[in-house]
Amino acid sequence: MSLAALWRGALRHIGCVLGLAVIAIVVGAVLRIGDLHAFATMLENARPGWLLVALGLQATTYASVAAGWGIVLHQTDTPQPLRRLYPIAVGKLFADQVIPVAGMGGNMFLVDRLAALGIKRGNAVATLLVAMIGFYAAYGVCALAMLAMLWIEGLASIWIAGFVLVFLAVATAIPGLALWIRRRGRRPVSSTLARFASIRALVGIVGEAPKRLLVDRRLILRVAGVNGLVFLADAASLMVCFLALGHPVGFPVAFVAVMTASMIATLGPIPLGLGTFEAGATGMLALMGVPVEAALAATLLLRVFTLWLPLVPGFALIRRALRTKAAGLTA
């Protein structure tokens, strides 16, 4: 399955995704109609200086993702400067969110763009897989840290612990599936698994990755470390959003809320995490004593920086990449 084919499929679903976005906004507004005045007041009084800080923090998340790729590429003797990898990180976010193939759209976009930079496809696939393993390793560690923070505050429960365990199982299964497919090579999978487009796409690319990179624990730890900075920057961004609204909260509170919302959005079936992320963050913040109005306003503001703003340059970057590739094929 080519990137162009995925993109054509995405175009057919963009209207649906945008429709869901509108529905989520309308439903959210109706459910919280009593708080709309509080939202408007908070947003009107937001301090632009703190908003610029939040924007800067979000810019570092893409640098962290790109740095992880750079670490792997350095091991393949094909190093790339951050300025070349950074736009790919932005474009990959758009592909992950919009191209509806269980995240494979963004992964295939990464492999395609790295290949366009002159990197061997096998090394590009290895970069993808090591980055995936590192990301979910960092995700799992942060999830456990979140649970520990809740336990220290006396807010942990068997339900929250069970939710974290389910997430950890999924976080382990995703890279585990990729490694299993890598070990079995390009042999066709069973007809049951072949019905999943994401698995068919994985089978088509992961068999090309050099094994030595996938078993390099030091390399994986380094990549996990830079990916962990993404979650810390997201939590810091939420904390800064609260500061912009004049309602400061501590970093641990923001971290727990962001991790809870991220895990709910990851496990949930809703595209873009619409509604599920906002509900998860707001609910956890309320559980930790933050007023609901401030919690929801700060969460919505965070989503502007983490989701909506990056979609615009992401769309432009992917569109340009596709045009460049099409021009190369017709030349």
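Start at 1 with the first residue, then count along the sequence.
- Between L301 and L51, some side-chain heavy-atom pair lies under the 4.5 Å cut-off.
- Residues F109 and G91 approach most closely at CE2-C, 3.7 Å, considering heavy atoms.
- Note on ring orientation: taking the six-membered ring where Trp is involved, the planes of Y86 and Y62 are perpendicular (angle over 60°, cut-offs 30° and 60°).
- When the side chains of ILVMFWY residues are joined at heavy-atom separations under 4.5 Å, either directly or via intervening members, V230 and L232 end up in a single hydrophobic cluster.
- Using a 4.5 Å cut-off on side-chain heavy atoms (C-beta onward), L114 and N123 make no contact.
- By the 4.5 Å heavy-atom criterion applied to side chains, M288 and E153 are not counted as neighbours.
- Across all their heavy atoms, G280 and T260 have their closest contact at O-CG2, 4.2 Å.
- Side-chain heavy atoms closer than 4.5 Å link hydrophobic residues (I, L, V, M, F, W, Y) into clusters, and following such links, even through other members, never connects L219 to L221.
- Taking hydrophobic clusters as Ile, Leu, Val, Met, Phe, Trp and Tyr residues chained together by side-chain heavy-atom distances below 4.5 Å, W308 does not share a cluster with V312.
- Under the rule for a side-chain contact (heavy atoms from CB on, under 4.5 Å), A67 has no partner lying at least two apart in sequence or in another chain.
- Cluster membership check: L57 does not share its hydrophobic cluster with L238, using side-chain heavy-atom separations under 4.5 Å among Ile, Leu, Val, Met, Phe, Trp and Tyr.
- A donor-acceptor pair is defined here as one N or O able to donate and one able to accept, closer than 3.5 Å; no such pair exists between the side chain of T60 and the backbone of A63.
- Scored by the side-chain hydrogen bond (donor to acceptor under 3.5 Å, both in side chains) test, T299 finds no partners at all (sequence neighbours excluded).
- For T78, the side-chain hydrogen bond (donor to acceptor under 3.5 Å, both in side chains) test picks out T76, with sequence neighbours left out.
- At least one side-chain heavy atom of F163 sits under 4.5 Å from a side-chain heavy atom of I264.
- Across all non-hydrogen atoms, the minimal contact from L243 to P248 is CD2-CB, 3.5 Å.
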Kindly list each side-chain donor-acceptor pair under 3.5 angstrom involving residues 136-146, sequence neighbours excluded, with atom names and distances?
residue: Y139; atom: OH; partner: S262; partner atom: O; Å: 3.0
residue: Y139; atom: OH; partner: M263; partner atom: N; Å: 3.4
residue: Y139; atom: OH; partner: T266; partner atom: OG1; Å: 2.8

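- A295 and F242 make their closest contact through CA-CZ, 3.9 Å (heavy atoms, listed as atom of the first residue, atom of the second, distance).
- Nearest approach of G250 to M239, heavy atoms of both residues: C-SD, 4.1 Å.
- At a threshold of 4.5 Å between non-hydrogen side-chain atoms, the residues L117 and I88 count as touching.
- Closest heavy-atom contact between V292 and A286: CG2-CB, 4.1 Å.
- Applying the side-chain contact (heavy atoms from CB on, under 4.5 Å) test to V304 and every residue at least two apart in sequence or in another chain returns L309.
- There is a path of hydrophobic side-chain contacts, each under 4.5 Å, that joins F251 to L150.
- For the atom pair CD of Q75 and CZ of R218, the computed distance is 9.5 Å after rounding to the nearest 0.5 Å.
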task = Please lay out, stage by stage, how L245 and W50 fare under the test side chain to side chain contact (heavy atoms under 4.5 Å, CB included).
result = CA-CA 9 Å; L245 298 173; W50 285 117; over 6 Å; no
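- Residue pairs meeting the side-chain hydrogen bond (donor to acceptor under 3.5 Å, both in side chains) criterion with at least one partner in residues 223-245, sequence neighbours excluded, are Q58-D234, Q58-S237.
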